[in-house]
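Ligands are counted one by one from 1 in listed order, and the atoms in each one are counted from 1 as well. Only heavy atoms go into these numbers, but all of them, side chains included; no hydrogens, no water, no symmetry mates.
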Amino acid sequence: MSRTGLEASGVTIGGARILDGKAVAAEVRAGVRARAQALIARGVQPGLAVVLVGEDPASQVYVRNKDKAAQEAGFSVRTLKLPAQTAQAELERVVRELNADRSVHGVLVQLPLPRGLDSERIVRALDPAKDVDGLHPENVAALVMGDARGLAPCTPAGCIELCDRAGVSLAGKRVTVVGRSLLVGKPLAFLALARDATVTVCHSKTSDLPAVCREADVLVAAVGRPELVRGSWIKPGAVVIDVGINRLDGGGLAGDVAFAEARAVAGWLTPVPGGVGPMTIAMLLSNTVLAAERAAGVSRA
Ligand code: NDP
């Protein structure tokens with residue numbers, strides 16, 4: 001979405017404009033669909049394989065959503081459901097088979113895996129060119145080296161895309177990321193660095209976290225603690241991106257940011273749900289169509 005488009009569709013609540021991840025994701029997905037159609041016209045249908053091991057209810061929902069979104073994008077989708085007792089060697093065999101299948105351009109193994117399975121070894125078994133979650137060490141290295149030929153992890157890439165489409169430039173800005181996981185915090189820090197931001201990464205041992213957060217022009221919360229980030233931690237006018245998805249005991253979802261407080265202070269704010277979540281799926285589709293374009297030799301990226 002263009003800056004003007006987003007502003008026109010964005011709802012202003014209190015001081016903050018809402019970064020509408022649902023609307024931006026729809027725009028990204030429309031672009032992916034067009035690229036998929038162009039590939040199909042050349043005889044190549046983008047193919048995504050999703051591997052789900054076990055019965056984890058949240059994983060089942062995520063896989064269903066990814067499957068549906070990929071179909072809507074015009075991809076061929078194969079969802080492989082394996083029992084929780086699947087042996088490591090068997091899962092690695094399945095991954096190698098998908099690596100070798102020329103109709104599959106993206107392979108995603110839904111994490112976390114059941115106990116007893118070594119997810120790091122499974123990720124290493126993936127063909128890096130098909131690793132649409134961007135977790136293979138070769139893709140991590142590409143990210144750290146600022147090499148655009150890799151595939152970036154979907155959630156942090158979605159945060160950057162949200163900023164881009166809101167017209168928020170990161171160059172020269174102080175970007176503070178709370179959380180240092182391999183899935184979100186660390187890759188986001190490197191993506192922001194590649195955009196010439198001055199990056200601070202915080203974690204559970206950071207001293208005076210509120211004071212560090214107050215310095216941020218762009219504050220990203222990827223912690224997994226409901227409403228950890230209070231309004232008083234936010235610099236007036238800052239861009240606040242809430243990655244957290246916390247299921248509350250009484251039902252419902254909360255982000256890592258106290259939304260009502262933040263909206264009175266921030267300049268831009270992502271809601272939960274409807275912020276980063278939809279962007280994650282959109283970037284998965286984007287990575288898959290990119291992998292298909294590269295395999296077909298029609299990508300410039
Ligand atoms: P992890 O549990 O892997 O990492 C959490 C990070 O937060 C760690 O680095 C940890 O520090 C840090 N942390 C924990 N408590 C505190 C604290 N009190 N103060 C400061 N830092 C703290 O989580 P993920 O990165 O995988 O996910 C983070 C959140 O994002 C979760 O709510 C998850 O559900 C959500 N998520 C959302 C996605 C989406 O699509 N919207 C996708 C992926 C995740 P330390 O390293 O010191 O332990």
Side-chain angles (χ1 to χ4, degrees), residues 18-25 28-29 50 56-66 68-70 108-113 119-120 123 132-135 140 143 152-163 175-192 199-216 219-230 232-234 240-249 252-259 269-287:
I18 295 302
L19 270 171
D20 184 345
K22 230 168 136 178
V24 176
V28 172
R29 286 167 64 162
V50 183
D56 178 65
S59 292
Q60 285 178 335
V61 173
Y62 291 143
V63 164
R64 213 177 306 132
N65 290 343
K66 289 169 187 176
K68 185 164 168 267
L108 183 160
V109 179
Q110 183 66 39
L111 301 177
L113 289 170
S119 47
E120 201 188 310
V123 169
V132 284
D133 260 345
L135 298 176
V140 175
L143 186 74
C154 303
T155 301
C159 296
I160 299 287
E161 187 76 24
L162 264 178
C163 289
V175 174
T176 299
V177 184
V178 190
R180 57 173 164 182
S181 70
L182 275 176
L183 192 64
V184 190
K186 280 182 191 161
L188 184 50
F190 282 103
L191 288 171
V199 180
T200 303
V201 182
C202 304
H203 46 78
S204 64
K205 310 291 188 297
T206 297
S207 307
D208 201 352
L209 183 60
V212 179
C213 291
R214 267 192 297 273
E215 301 252 292
L219 178 61
V220 185
V223 184
R225 301 270 182 282
E227 304 197 339
L228 175 82
V229 175
R230 313 307 309 187
S232 60
W233 299 21
I234 297 167
V240 179
I241 299 179
D242 189 351
V243 179
I245 300 179
N246 304 291
R247 283 167 214 288
L248 302 175
D249 287 343
L253 290 181
D256 289 344
V257 176
F259 184 85
L269 177 61
T270 62
V272 176
V276 176
M279 291 304 293
T280 297
I281 293 199
M283 299 318 287
L284 168 71
L285 302 177
S286 174
N287 273 349

**OP:** May I ask you to list the atoms of ligand 1 that are less than 4.0 angstrom from any heavy atom of N246?
**Re:** 32 (O)

**OP:** Write out the residue and atom name of the closest protein heavy atom to atom 18 (N) of ligand 1, then the distance separating them to 0.1 Å.
**Re:** L228 CD1, 3.9 Å

Original post:
Which bit of R225 gets closer than 4.0 Å to ligand 1, counting heavy atoms only: side chain, backbone, both or neither?
Top reply: side chain

**OP:** Between V229, L182, L183, T155, flag the one that comes closest to atom 26 (O) of ligand 1 by a heavy atom.
**Re:** L183

**OP:** For atom 27 (O) of ligand 1, find the nearest protein heavy atom and state the residue, atom name and distance (0.1 Å precision).
**Re:** V184 CG2, 4.4 Å

Original post:
For ligand 1, which atoms, with element, lie under 4.0 Å from some heavy atom of L209?
Top reply: 19 (N), 20 (C)

**OP:** Without swapping roles, check the side chain of S181 against the backbone of V184 for a donor-acceptor pair under 3.5 Å.
**Re:** yes

Original post:
If you round to the nearest 0.5 Å, how far is CG of L143 from CG of L191?
Top reply: 5.0 Å

**OP:** Identify which one of L209, V220, V201 satisfies the side chain to side chain contact (heavy atoms under 4.5 Å, CB included) criterion when paired with V178.
**Re:** L209

Original post:
Can V28 and E161 be said to form a side chain to side chain contact (heavy atoms under 4.5 Å, CB included), step by step?
Top reply: CA-CA 9 Å; V28 172; E161 187 76 24; 4.0 Å; yes

Subject >> Shortest protein heavy-atom distance from atom 37 (C) of ligand 1, along with the residue and atom involved >> reply: V243 O, 3.1 Å

**OP:** State whether the side chain of T270 and the backbone N or O of D242 hold a donor-acceptor pair below 3.5 Å, judged by distance alone.
**Re:** yes

Original post:
Between the side chain of D256 and the main-chain N/O of E227, is any donor-acceptor distance below 3.5 Å?
Top reply: no

Original post:
What's the spacing between I160 CD1 and M283 CE if we round to 0.5 Å?
Top reply: 9.5 Å

**OP:** State the atoms of ligand 1, each with its element, that fall below the 4.0 Å cut-off from a heavy-atom position in G277.
**Re:** 40 (O), 41 (N)

**OP:** Assess A222 for proximity to ligand 1: is some non-hydrogen atom of it under 4.0 Å away?
**Re:** yes

**OP:** Please report the shortest heavy-atom distance between A254 and P226, naming the atom on each side.
**Re:** CB-CB, 4.2 Å

**OP:** Calculate, to the nearest 0.5 Å, the distance between atoms OG and CZ belonging to S204 and R225 respectively.
**Re:** 8.0 Å

Subject >> atom 33 (C) of ligand 1: nearest protein contact (heavy atom, Å) >> reply: I245 N, 4.1 Å

**OP:** Considering heavy atoms of the protein only, find what lies nearest to atom 3 (O) of ligand 1 and give residue, atom and distance to 0.1 Å.
**Re:** S181 CB, 3.4 Å

Subject >> Nearest non-hydrogen protein atom, atom 47 (O) of ligand 1 >> reply: S204 OG, 2.5 Å

Subject >> For atom 40 (O) of ligand 1, the protein heavy atom that lies nearest, with its residue and separation >> reply: T280 OG1, 2.8 Å

**OP:** For atom 7 (O) of ligand 1, find the nearest protein heavy atom and state the residue, atom name and distance (0.1 Å precision).
**Re:** V223 CA, 3.5 Å

**OP:** Taking only heavy atoms of G179 into account, list the atoms of ligand 1 that are under 4.0 Å away from them.
**Re:** 6 (C), 7 (O), 9 (O)

**OP:** Specify the closest pair of heavy atoms between C202 and T206, including all atoms of both residues, with the distance to one decimal.
**Re:** CA-OG1, 3.3 Å

